[in-house]
Protein chains: 2
Amino acid sequence: MNIGEIAKRAGVSRSTVSYALSGKRPVSDETREKIQRVIDDLGYRPNASARALANGRTSTIGLVFPPAGNHYTGMQLDFIGSVVEAAAAHDYDVLLSPSGVDSDRSFQRLLGERRVDGAILMEIRLRDDRVDHLAELDFPSVTIGRTARPEGTWWVGLDHTALAAACVHHLADLGHRRVAFVNRPEQLLRAGYESAHRGLDGFTKAAAERGLTVQTYCCGDDPASGQACLERILHDDPATTALVTLNEAALGGLYRGLAHAGRHVPRDFSVTGVVASRWAETVTPQLTAADVPAEEMGRRAVDLLIERLDHPGAAPRHHLLAPPISLRASTGPAGGASFADAPTPFSPS
Amino acid sequence: MNIGEIAKRAGVSRSTVSYALSGKRPVSDETREKIQRVIDDLGYRPNASARALANGRTSTIGLVFPPAGNHYTGMQLDFIGSVVEAAAAHDYDVLLSPSGVDSDRSFQRLLGERRVDGAILMEIRLRDDRVDHLAELDFPSVTIGRTARPEGTWWVGLDHTALAAACVHHLADLGHRRVAFVNRPEQLLRAGYESAHRGLDGFTKAAAERGLTVQTYCCGDDPASGQACLERILHDDPATTALVTLNEAALGGLYRGLAHAGRHVPRDFSVTGVVASRWAETVTPQLTAADVPAEEMGRRAVDLLIERLDHPGAAPRHHLLAPPISLRASTGPAGGASFADAPTPFSPS
DNA sequence: CGGCTCTGTCGAACCGGTTCGCCGGAACCT
DNA sequence: AGGTTCCGGCGAACCGGTTCGACAGAGCCG
């Protein structure tokens with residue numbers, strides 16, 4: 001059941017059927033209705049590959065993210081979901097591609113074989129060969145996150161520097177003087193992930209500005225690492241009274257470590273960071289944090305990409321987001337532990 | 001840079017280039033090497049649409065899941081990740097399609113426009129029009145989950161009945177007599193989601209068998225609903241000492257509700273259920289639960305689909321998984337609260 | 001009434017691959 | 001030497017759409 005079959009049954013030529021469907025040339029009402037009736041009867045739908053071959057557009061966008069390694073974080077999930085939905089609203093499909101690098105097989109499939117019209121890249125590094133490669137090819141793409149020099153490229157990003165700094169100021173305002181920073185895994189930091197670097201920068205500078213004593217840590221993306229990391233924090237400086245984290249997957253482990261150490265949140269210890277609201281609301285007490293607007297970022301990335309596809313040569317655009325800190329229940333004034341009349345903490349086994 | 005260009009530069013015909021690449025007919029070593037050199041020089045990759053049009057295969061599989069509504073659960077994320085990776089291992093791409101129903105635009109795009117060679121469906125209902133539709137078309141597909149009558153179809157499923165029953169037996173063995181069941185949202189139960197129905201069945205039957213007093217609840221897929229649900233449980237029967245949940249997104253809220261009610265887990269109250277291990281390990285105390293092997297299920301679904309694609313007409317196959325309960329720290333003997341010598345619990349504010 | 005434009009439709013070429021039938025020449029056979 | 005086989009490569013048709021140029025006929029003009 002192809003376009004020729006439709007044409008035959010409607011008693012017209014193939015081109016007339018094509019024009020009736022696309023509307024790119026006028027077709028008489030009578031003919032159009034006749035064609036439409038045949039199409040409805042047979043449930044005909046034009047073949048996507050043939051159409052893509054003929055007009056050079058696949059109506060598909062690629063979503064490129066690093067290979068899972070162990071697992072994905074909740075944020076990545078939210079990006080995927082919102083990108084798929086936003087794309088569907090524009091009549092685009094989404095092709096998923098797990099890809100770390102430029103020379104990756106997946107990446108080559110997407111670009112070289114022209115499976116997609118454009119791409120959205122996640123988990124950007126400060127120096128990212130994929131981004132360079134795409135820019136060189138002038139291939140329509142939008143990044144979620146930005147490189148060290150994002151000028152001239154299209155991106156949607158989070159102002160990690162400002163967000164981490166806001167966390168520091170929030171804690172400093174509450175009187176905390178010794179604060180730890182829990183970053184993404186060391187291998188990601190070394191690889192140059194922008195969130196890890198800019199977040200660390202923002203934290204360090206703001207802490208220096210406020211005269212805080214700090215320690216910074218890398219931490220694996222899982223609860224067990226979070227717990228181990230917290231133990232190290234208290235071991236290295238038992239007087240630490242607060243921490244800032246970018247690592248949402250470790251969050252549950254950080255909380256568990258605090259419970260085991262007998263530190264009550266927020267009375268004895270304050271926790272804050274940059275975390276998707278879904279996770280911030282899952283832990284008890286709920287996390288005071290800068291909520292990552294993953295849904296909005298995914299949507300905006302798609303909108304930018306569609307715009308770029310529709311207007312080749314348009315000037316690069318971007319969105320830098322800096323959501324405010326949502327006050328929940330995980331931070332409090334420093335020195336809470338010295339309230340003599342607080343109930344005796346439950347001692348861990 | 002298409003195949004004709006390669007042919008011209010190598011001084012051979014287009015068909016020879018094609019055969020050199022596919023190996024479907026012998027080509028002399030000399031010619032093949034000459035062609036390969038030109039290809040490497042130009043970085044040529046065959047156009048996916050043209051290839052799909054010519055040989056009728058897109059090398060893409062569709063992953064169909066319900067529209068996000070509010071958000072996805074962690075389990076869905078794990079499925080997506082493992083499906084993408086397993087597909088990549090077989091040189092297939094994955095096209096994401098948010099689709100609730102049969103007549104859905106997305107669904108029609110996938111099938112009608114032949115964008116994919118096969119499909120994997122998630123979030124199956126006991127009666128599912130999408131599954132019926134695909135079976136009718138004899139379209140290669142595998143479901144993650146199974147309908148009420150899965151005979152003759154290809155699927156990978158979890159034995160929710162047995163898992164929920166195992167949770168009940170675990171609690172009954174510990175001496176619990178009054179147990180609550182926290183299901184997925186009511187709208188999903190009404191829509192006929194298989195996990196919600198079979199889980200409820202398994203729970204109800206096993207509880208009857210063990211003579212337990214039970215209450216069952218539906219609960220929204222978010223922490224706030226979990227907390228509200230727990231309040232209702234204790235309001236309806238304050239003597240409840242344990243619960244079984246299928247709702248991982250609500251888990252954090254359930255824990256919070258227990259903390260607010262002053263019930264210590266596991267001393268005063270036991271919690272178990274069917275939950276991805278990632279979530280079970282995030283909460284404190286870690287959840288004793290039947291771990292959903294999402295990664296394995298996604299991989300097996302892909303393997304089945306590939307097999308079905310490679311051997312049309314093969315007899316339907318399936319995998320029914322029933323992972324054991326992982327003992328962690330959220331369950332304990334009933335009546336633990338009466339141990340007089342237990343440390344004084346920390347009383348919540 | 002001849003020449004003009006305008007409208008609706010058709011045929012053919014094209015997108016970039018795959019595949020089938022065929023053929024020329026070398027090698028092998030008797 | 002002539003016939004058969006085998007190997008390697010070529011040309012053409014095809015997959016199912018889109019698009020361009022052409023054209024027939026109707027309606028309008030002078």
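In what follows, chains carry the letters A, B, and so on, assigned in the order in which the sequence lines appear, proteins first and then strands, with residues in each chain numbered from 1. What's counted below: heavy atoms across the whole structure, side chains too, no hydrogens, waters or symmetry copies.
- Under 4.0 angstrom from either OP1 or OP2 of D:dT19 there lies at least one side-chain N or O belonging to A:K24.
- For A:S15, taking side-chain heavy atoms from C-beta onward, the closest of the listed nucleotides C:dG17, D:dC15, D:dT19 is D:dT19.
- A parallel orientation is assigned to the rings of B:H318 and B:W155, their planes being inclined by less than 30° (bins at 30° and 60°).
- We find that CG of B:N47 is positioned 17 Å from P of D:dG16, with the value rounded to whole Å.
- The separation between B:N2 atom CG and C:dG17 atom P is 6 Å, rounded to whole Å.
- Listed nucleotides D:dG9, D:dT19, D:dG17 differ in distance to A:Y44; the shortest reach to its side chain belongs to D:dG17.
- The interatomic distance linking B:K8 (NZ) with D:dC10 (P) rounds to 15 Å, in whole Å.
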Intermediate values then yes/no, salt bridge (charged side-chain N to carboxylate O under 4.0 Å, His left out), A:R37 and A:E33: CA-CA 6 Å; A:R37 245 190 320 274; A:E33 282 161 21; 5.1 Å; no
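- Contact of B:R14 with D:dG11 (side chain to base): no donor-acceptor pair of N or O atoms is detected under 3.5 Å.
- Distance, A:R115 CZ to C:dG16 C1': 14 Å, rounded to whole Å.
- Here the P atom of nucleotide C:dG16 and the CG atom of A:N55 are 12 Å apart, to the nearest Å.
- For the OP1/OP2 pair of D:dT19 and a distance below 4.0 Å, the side-chain nitrogens and oxygens of A:R25 include no atom meeting the criterion.
- Among the protein residues, A:S28 comes within range of the sugar-phosphate backbone only, with heavy atoms under 4.0 Å from sugar or phosphate atoms but none that close to a base.
- Atom CG of B:D29 is separated from atom P of D:dG9 by 10 Å (rounded to the nearest Å).
- Not a single donor-acceptor pair under 3.5 Å links the side chain of A:R130 to the backbone N or O of A:L121.
- The backbone N or O of A:T147 lies less than 3.5 Å from no partner atom in the side chain of A:E194, so there is not a single donor-acceptor pair.
- Below the 3.5 angstrom threshold, one finds no donor paired with an acceptor across the side chain of B:S13 and the base of D:dG11.
- Atom P of nucleotide D:dG16 and atom OH of A:Y19 are separated by 20 Å, given to the nearest angstrom.
- When each of D:dG17, C:dG16, D:dG9 is scored by its nearest atom to the side-chain atoms of B:T16, the top-ranked nucleotide is D:dG9.
- If you measure from atom CZ of B:R51 to atom C1' of C:dG17, you get 8 Å, rounded to the nearest angstrom.
- Nearer to the 5' terminus of DNA chain D, by closest-nucleotide assignment, is the contact made by B:V12 (compared with the other of B:A54 and B:V12).
- No more than 12 heavy atoms of other residues, nucleotides or ligands sit less than 6.0 Å from atom CZ of A:R127.
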